[in-house]
Amino acid sequence: MRVRKLPIKQLLLIDFLAFFLVGIVLANLLGGNTFQQNGSVTRYYLKQFQYTDIESRELLWHVGCNRLVLFASLLALTVVAKGKIVHVLFVAWSGFAYGYFCVISISAFGAKGLLLCLVALFPQFLAYVPAYLGLVQLSERRREHVGWRKTAAVVFLFVILIVGILLESYINPLILQKLLKIF
C-alpha cells in the first residue's frame with residue numbers, strides 16, 4: 001500500500017487545526033479559576049484599550065520589529081534542508097496560541113468573544129497569510145538557483161509583509177476600538 005504524501009500547504013492546515021484544538025482543550029483543562037482571573041484582566045485591559053489613544057508610530061515600531069525578525073528568520077530557514085520542520089513548528093505554535101486566545105476571549109466576553117477573536121486578526125492577516133504561504137512556496141523550491149525571480153519573489157513577499165504591518169498598526173486598533181464600544 002502506497003502512502004500518499006500531502007502537499008505542504010495541506011499539511012500546514014492540518015497542523016494548524018490540530019494545534020488549534022490542542023490550545024482549546026488545554027485552555028479548558030486549566031479550569032475556571034484561571035479564566036476568571038485572566039477574563040477579569042482581559043476585560044479590564046480591553047476596556048482601557050477602548051478609551052486609550054493609540055500611538056500608532058510606537059505600535060508600528062513594535063509590530064514591525066516583531067514581524068520583520070520573524071519574517072527574516074523564516075526566510076533564512078527556507079534554504080535549510082529541514083526548513084519544513086520549522087514551518088510545521090511555527091504553524092503549530094500559531095494554532096495553539098490562537099486556540100488558547102479564543103477560549104480566553106470567549107470566557108471573558110461570552111459569544112461576543114468569538115467576534116473579538118475574528119476581529120483581532122483582521123485586516124492584517126489578509127496580508128500575513130499570503131506572505132507566509134509565499135515563504136513556504138520558496139522553501140519548496142530551495143534547491144533552485146537564486147536568480148532574479150527568487151529575488152523578486154522575496155521583495156514582493158516583503159512588500160506584502162509591510163502592508164500587513166501597516167494594517168496591524170493603523171487599521172486594526174481602530175476596528176478593535178469600535179468593536180469594544182459595542183461590547
Side-chain angles (χ1 to χ4, degrees), residues 2-27 56 59-106 113-176 179:
R2 292 173 65 182
V3 177
R4 187 174 149 237
K5 189 176 177 182
L6 290 175
I8 187 71
K9 290 179 184 177
Q10 287 180 353
L11 177 67
L12 292 175
L13 177 62
I14 292 168
D15 183 37
F16 179 85
L17 294 174
F19 278 90
F20 177 75
L21 183 61
V22 168
I24 289 171
V25 169
L26 184 63
S56 295
L59 183 59
L60 176 68
W61 280 107
H62 174 75
V63 169
C65 288
N66 286 319
R67 303 296 180 256
L68 289 170
V69 166
L70 180 62
F71 180 83
S73 301
L74 290 172
L75 179 63
L77 291 168
T78 60
V79 297
V80 177
K82 301 293 181 192
K84 285 182 187 178
I85 293 171
V86 174
H87 289 293
V88 168
L89 292 173
F90 170 71
V91 170
W93 170 251
S94 299
F96 173 80
Y98 190 62
Y100 198 90
F101 170 72
C102 286
V103 171
I104 288 176
S105 297
I106 292 168
L114 187 57
L115 183 59
L116 178 64
C117 290
L118 296 173
V119 170
L121 300 177
F122 185 77
Q124 66 271 20
F125 269 62
L126 296 174
Y128 290 156
V129 170
Y132 177 70
L133 290 176
L135 284 175
V136 170
Q137 197 71 29
L138 283 176
S139 73
E140 286 285 293
R141 294 189 262 143
R142 69 177 164 69
R143 290 188 180 136
E144 288 180 15
H145 175 71
V146 178
W148 71 270
R149 284 186 177 184
K150 259 193 169 177
T151 304
V154 170
V155 169
F156 182 69
L157 294 176
F158 181 74
V159 168
I160 293 173
L161 178 74
I162 296 298
V163 168
I165 291 169
L166 291 170
L167 290 170
E168 186 174 3
S169 300
Y170 290 98
I171 306 300
N172 181 262
L174 297 173
I175 294 171
L176 281 172
L179 175 69

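Position 1 is the first residue of the sequence, and the numbers go up from there. Here the structure is a predicted model, which is why all the values come from computation and not from measurement.
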Any heavy-atom pair between the side chains of [Y] and [X] that's under 4.5 Å?
{"X": "L116", "Y": "I106", "answer": "no"}
{"X": "I175", "Y": "P123", "answer": "yes"}
{"X": "Y128", "Y": "L167", "answer": "no"}
{"X": "L68", "Y": "I162", "answer": "yes"}
{"X": "L60", "Y": "L166", "answer": "yes"}

- Does the gap between the ring centers of W93 and F96 come in under 6.0 Å?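 They qualify: ring centres under 6.0 Å apart.
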
- Task: May I have the step-by-step check of side chain to side chain contact (heavy atoms under 4.5 Å, CB included) for D15 and L89, ending in yes or no?
- Result: CA-CA 9 Å; D15 183 37; L89 292 173; over 6 Å; no

- Check each of L135, V69, V136 against L74 using the side chain to side chain contact (heavy atoms under 4.5 Å, CB included) test, and report the only one that passes.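 For L74, the side chain to side chain contact (heavy atoms under 4.5 Å, CB included) test succeeds with only one of L135, V69, V136, which is L135.
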
- Item | Side-chain (N66) to main-chain (H62) donor-acceptor, under 3.5 angstrom |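 Yes, because the side chain of N66 sits within donor-acceptor range (under 3.5 Å) of the backbone of H62.
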
Please report the shortest heavy-atom distance between [X] and [Y], naming the atom on each side.
{"X": "L138", "Y": "K150", "result": "CD2-CG, 4.1 Å"}
{"X": "S105", "Y": "C117", "result": "CB-SG, 3.7 Å"}
{"X": "I24", "Y": "V103", "result": "CA-CG2, 3.8 Å"}
{"X": "A92", "Y": "F19", "result": "O-CB, 3.2 Å"}
{"X": "A120", "Y": "N172", "result": "O-ND2, 3.5 Å"}
{"X": "L59", "Y": "E168", "result": "CD2-O, 4.0 Å"}

- Apply the test side chain to side chain contact (heavy atoms under 4.5 Å, CB included) to residues F158 and L75: give CA-CA distance (whole Å), side-chain angles for both, the deciding distance (0.1 Å), then the verdict. CA-CA 10 Å; F158 181 74; L75 179 63; over 6 Å; no

Let me confirm one number: the [atom1]-[atom2] distance from [X] to [Y], rounded to the nearest 0.5 Å.
{"X": "L133", "Y": "L157", "atom1": "CG", "atom2": "CG", "result": "10.0 Å"}
{"X": "Q10", "Y": "L12", "atom1": "CD", "atom2": "CG", "result": "10.5 Å"}
{"X": "F156", "Y": "I160", "atom1": "CZ", "atom2": "CD1", "result": "3.5 Å"}
{"X": "I171", "Y": "S56", "atom1": "CD1", "atom2": "OG", "result": "9.0 Å"}
{"X": "I165", "Y": "F71", "atom1": "CD1", "atom2": "CZ", "result": "9.0 Å"}

- Near Y170 OH, under 6.0 Å, is it more than 12 heavy atoms from other residues, nucleotides or ligands?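 Yes, OH of Y170 has more than 12 neighbouring heavy atoms, counting only those of other groups under 6.0 Å.
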
